[in-house]
Amino acid sequence: QVQLVESGGGLVQAGGSLRLSCAASGRTFSTYPMGWFRQAPGKEREFVAAIGWGGVNIYYADSVKGRFTISRDNAKNTVYLQMNSLKPEDTAVYYCAADGRIARIREGVVEYWGKGTLVTVSL
């Protein structure tokens, strides 16, 4: 019924930047809070950032504050994650998420998940 498709992942050197995109299709997500998670090999999936439907309520994990910026374009049903000053520790598969309540996204209990896009940060 609905799909979330991430793009923009790849290989980047430490200190570099990358912008991830997540496009929603099948149903309008203009009013849905959305967010990003990541999962490194052998580790649990962790919350990265979330943004409310109006783009005003925004939350970040402590590990990415000051470096990552989440934004959205409701006309395009797309959410973005601008990643600056990347570190090797940021290497992970990044997943897009959407849910009707931003609180559920912050807790990692969401209605819709993307398939993920790999981000690799080399030293």
> Between CD of Glu89 and OG1 of Thr91, what distance do you get to the nearest 0.5 Å?
Replying inline: 8.0 Å
> Which atom pair, heavy atoms only, marks the closest approach of Asp99 to Glu111?
Replying inline: OD2-N, 2.8 Å
> For the atom pair CD1 (Ile70) and CD (Gln82), what is the distance rounded to the nearest 0.5 Å?
Replying inline: 12.0 Å
>> Within a 6.0 Å radius of atom CZ on Arg106, are there more than 12 heavy atoms belonging to other residues, nucleotides or ligands?
In response: no
> Is there any side chain to side chain donor-acceptor pair (under 3.5 Å) pair reaching into residues 114-123, and which pairs are they, with sequence neighbours excluded?
Replying inline: none
> Which atoms form the tightest heavy-atom contact between Ala14 and Pro88, and what is the distance?
Replying inline: CB-CD, 4.1 Å
>> Between Met83 and Val119, is the side chain to side chain contact (heavy atoms under 4.5 Å, CB included) condition met? List the steps.
In response: CA-CA 10 Å; Met83 305 183 293; Val119 173; 3.9 Å; yes
>> Apply the hydrophobic cluster definition, ILVMFWY joined by side-chain contacts under 4.5 Å directly or through others, and give me every member besides Phe37.
In response: Phe47, Tyr59, Val93, Tyr95, Ile102, Ile105, Val110, Trp113, Leu118
> So, do Tyr112 and Tyr32 sit near enough that their side-chain heavy atoms are less than 4.5 Å apart?
Replying inline: yes
> Are Asn57 and Ile51 close enough that some pair of their side-chain heavy atoms sits under 4.5 Å apart?
Replying inline: no
> Hey, what do you get for CE (Met34) to CH2 (Trp53), rounding to the nearest 0.5 Å?
Replying inline: 15.0 Å
>> Quick check for you: to the nearest 0.5 Å, what is the distance between Tyr80 atom OH and Asp73 atom CG?
In response: 5.0 Å
>> Test side chain to side chain contact (heavy atoms under 4.5 Å, CB included) on Val48 and Leu81; report intermediate values, then the result.
In response: CA-CA 10 Å; Val48 175; Leu81 185 68; 4.2 Å; yes
>> Applying side chain to side chain donor-acceptor pair (under 3.5 Å) to Asn84 and Ser17, what does each step give before you reach the verdict?
In response: CA-CA 4 Å; Asn84 298 326; Ser17 298; 2.8 Å; yes
>> Enumerate the disulfide (SG to SG under 2.5 Å) contacts for residues 56-123, please, sequence neighbours excluded, ordered by first and then second residue.
In response: Cys22-Cys96
> Would a distance-only check, ignoring hydrogens and angles, find a side-chain to backbone donor-acceptor pair under 3.5 Å from Thr78 to Ala23?
Replying inline: no
>> Are Arg45 and Arg38 packed together at the side-chain level, in the sense that at least one heavy-atom pair is separated by less than 4.5 angstrom?
In response: no
> Would you call Phe68 and Leu86 a side-chain contact if the rule is heavy atoms closer than 4.5 Å?
Replying inline: yes
> Once you round to the nearest 0.5 Å, how far does CD of Gln39 lie from CD of Glu44?
Replying inline: 7.0 Å
>> How close do Ala40 and Ala92 get, counting heavy atoms only, and between which atoms?
In response: N-CB, 3.8 Å
>> Between the side chains of Lys87 and Asp90, is the shortest nitrogen-to-carboxylate-oxygen separation below 4.0 Å, so that they form an ion pair?
In response: no
> Given the rule that I, L, V, M, F, W and Y join up when any side-chain heavy atoms are under 4.5 Å apart, are Val64 and Leu20 in one cluster?
Replying inline: yes
